[in-house]
Amino acid sequence: MRSLRYGFAALVLTFAMSVSAFAADRAKLQDFLEVTGFDVALESIRLSASSAPEMLGLQAEDFGTEWTRLTKDVFKTEVMHDLALDILERTLEDDMLTHAADFYATDLGQRLVQAENASHMKEDDALKHDSGEAIVAGLERLDSPRLDYLKRMNKASDSAGVSIRAIQEIQVRFLMAAAGAGIIELQLEEPDLRELLSSDEDVLKEEIAASALTGAAYTYQSFSDQEVLEYAKALENPKMRHVYDLMNAVQYEIMANRFEALARAMQSLQPSQEL
């Protein structure tokens with residue numbers, strides 16, 4: 001993880017400084033979000049709000065009916081959509097945008113987007129996990145090459161390896177914001193908190209890899225082995241990798257931004273929802 005407090009903002013700024021002269025215009029970006037399904041991926045960020053109370057050792061029910069209202073207000077689709085456009089307008093080169101959009105505009109690309117959108121917005125994580133695990137177990141028994149294709153897809157779509165750093169960064173920023181808002185009392189300073197969260201990095205890495213594999217197995221179960229391989233190869237293209245590195249950075253920065261806003265907004269809960 002980056003040592004800066006706003007690690008993903010710094011990463012996005014690095015992209016901006018290097019490619020701003022070639023960034024795409026906003027109209028093209030609107031189409032890009034839709035054709036790639038990134039708009040739905042952003043909308044699905046609100047589903048991650050359910051994990052926020054757990055970071056504080058609580059449950060959403062502890063906040064009463066106000067919790068649903070609060071999360072809907074903080075994780076407004078329009079707000080996250082505009083944040084993404086603002087960043088991508090300064091960072092995503094036009095030729096990179098065109099390369100990714102052209103692939104996702106194909107028949108296979110649109111079918112992939114439909115499957116990914118459906119998976120993003122499915123709230124029953126237990127069903128996705130259990131179904132994905134069963135599929136992976138079946139593929140392992142068959143010694144199917146599909147497993148390697150799925151792993152290649154996951155590696156290519158996170159070629160910068162930011163997932164672990166992202167989870168840690170979001171946790172730190174949310175907990176620090178919650179402490180700053182008086183929601184919780186932290187006994188650790190920020191550097192110590194970062195060190196604590198990074199202590200189980202190896203375990204987290206294995207958990208993320210396993211979760212990504214079961215998620216991919218579930219999401220792409222209706223596609224043939226050849227189509228999965230074709231997608232893996234498309235994601236391994238250097239231009240597509242660059243696009244995904246940037247989109248991952250943008251998505252995680254928006255998540256961290258919204259979790260910080262959520263911590264501040266929790267101050268508005270009525271006395272009946274106090275911790």
Side-chain angles (χ1 to χ4, degrees), residues 1 35-38 40-42 44-45 47-48 51 96 99-168 170 198 200-252 255:
M1 181 196 302
V35 76
T36 61
F38 193 42
V40 176
L42 292 173
S44 70
I45 288 176
L47 301 181
S48 66
S51 67
M96 299 293 178
H99 176 84
D102 284 349
F103 171 78
Y104 284 108
T106 64
D107 177 68
L108 174 60
Q110 282 302 285
R111 287 169 49 225
L112 287 165
V113 168
Q114 290 175 4
E116 289 165 355
N117 287 351
S119 182
H120 281 316
M121 298 308 296
K122 194 171 186 64
E123 298 191 39
D124 192 341
D125 285 335
L127 174 62
K128 288 196 292 187
H129 176 76
D130 293 345
S131 298
E133 272 198 337
I135 294 171
V136 169
L139 293 174
E140 289 175 338
R141 286 194 298 271
L142 295 172
D143 195 23
S144 172
R146 185 184 185 90
L147 275 177
D148 289 333
Y149 304 160
L150 292 171
K151 290 176 182 178
R152 283 174 60 177
M153 286 171 48
N154 288 339
K155 182 179 180 181
S157 60
D158 185 21
S159 61
V162 301
S163 296
I164 294 175
R165 287 173 292 161
I167 292 172
Q168 294 171 345
I170 291 167
S198 65
D200 61 349
E201 194 167 289
D202 290 339
V203 175
L204 182 59
K205 184 182 297 183
E206 292 180 4
E207 291 177 349
I208 289 176
S211 177
L213 183 59
T214 58
Y218 172 84
T219 300
Y220 306 107
Q221 59 185 295
S222 64
F223 294 85
S224 69
D225 289 356
Q226 184 57 40
E227 288 173 329
V228 173
L229 176 58
E230 184 178 342
Y231 194 23
K233 289 180 178 179
L235 292 173
E236 288 169 344
N237 182 287
K239 287 187 177 182
M240 191 74 90
R241 280 180 177 244
H242 181 91
V243 170
Y244 263 84
D245 288 347
L246 178 55
M247 289 198 299
N248 285 336
V250 170
Q251 184 170 357
Y252 288 131
M255 287 182 70

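Count residues from 1 along the sequence. The analysis underlying the following values was restricted to heavy atoms, covering all of them including side chains, and did not include hydrogens, waters or symmetry mates. On a predicted model such as this, the values are computed, not experimentally measured, just so you know.
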Indicate yes or no: at least one non-hydrogen side-chain atom of Asp202 is less than 4.5 angstrom from one of Glu206. no
Measuring from Met240:CE to Met247:CE, what's the distance to the nearest 0.5 Å? 8.0 Å
Nearest heavy-atom pair of Ala41 and Ser44: which atoms, and what distance? O-OG, 2.6 Å
Determine whether a donor-acceptor pair (N or O, by modelled atom type, separation under 3.5 Å) exists between the side chain of Ser157 and the backbone of Asn154. yes
Under a 4.5 Å cut-off applied to non-hydrogen side-chain atoms, are Thr219 and His120 in contact? no
Distance, nearest 0.5 Å, that separates NZ of Lys155 from CD of Glu236: 8.5 Å
Nearest heavy-atom neighbours spanning Ala217 and Gly132: CB-O, 4.0 Å
Calculate, to the nearest 0.5 Å, the distance between atoms OH and CD1 belonging to Tyr218 and Ile135 respectively. 8.5 Å
Can any side-chain N or O of Gln110 pair as donor or acceptor with the backbone N or O of Val35 at less than 3.5 Å? yes
Heavy-atom side-chain contact between His99 and Val243 under 4.5 Å: no
Is any side-chain heavy atom of Ser119 closer than 4.5 Å to a side-chain heavy atom of Tyr220? no
Glu116 and Tyr104: which non-hydrogen atoms are nearest, and at how many Å? OE1-CE2, 4.5 Å
To the nearest 0.5 Å, tell me how far Asp158 CG sits from Arg241 CZ. 10.0 Å
Taking the side chain as everything from C-beta on, heavy atoms only, tell me whether Leu147 gets closer than 4.5 Å to Leu213. yes
Separation between CZ of Arg165 and CD of Glu201, rounded to the nearest 0.5 Å: 9.0 Å
Are Tyr231 and Phe103 near enough that their ring centres are under 6.0 Å apart? yes
Could you pull out the closest heavy-atom pair between Arg146 and Ser224, with the gap in Å? NH1-C, 3.4 Å
Here the gap from Ser163 atom OG to Glu207 atom CD, rounded to the nearest 0.5 Å, amounts to 13.0 Å
Does any N or O in the side chain of Gln251 come within less than 3.5 Å of the main-chain N or O of Asn248, such that one atom is a donor and the other an acceptor? no
Testing Leu150, Leu139, Val136 for side-chain contact (heavy atoms from CB on, under 4.5 Å) with Ser144, which one passes? Leu139
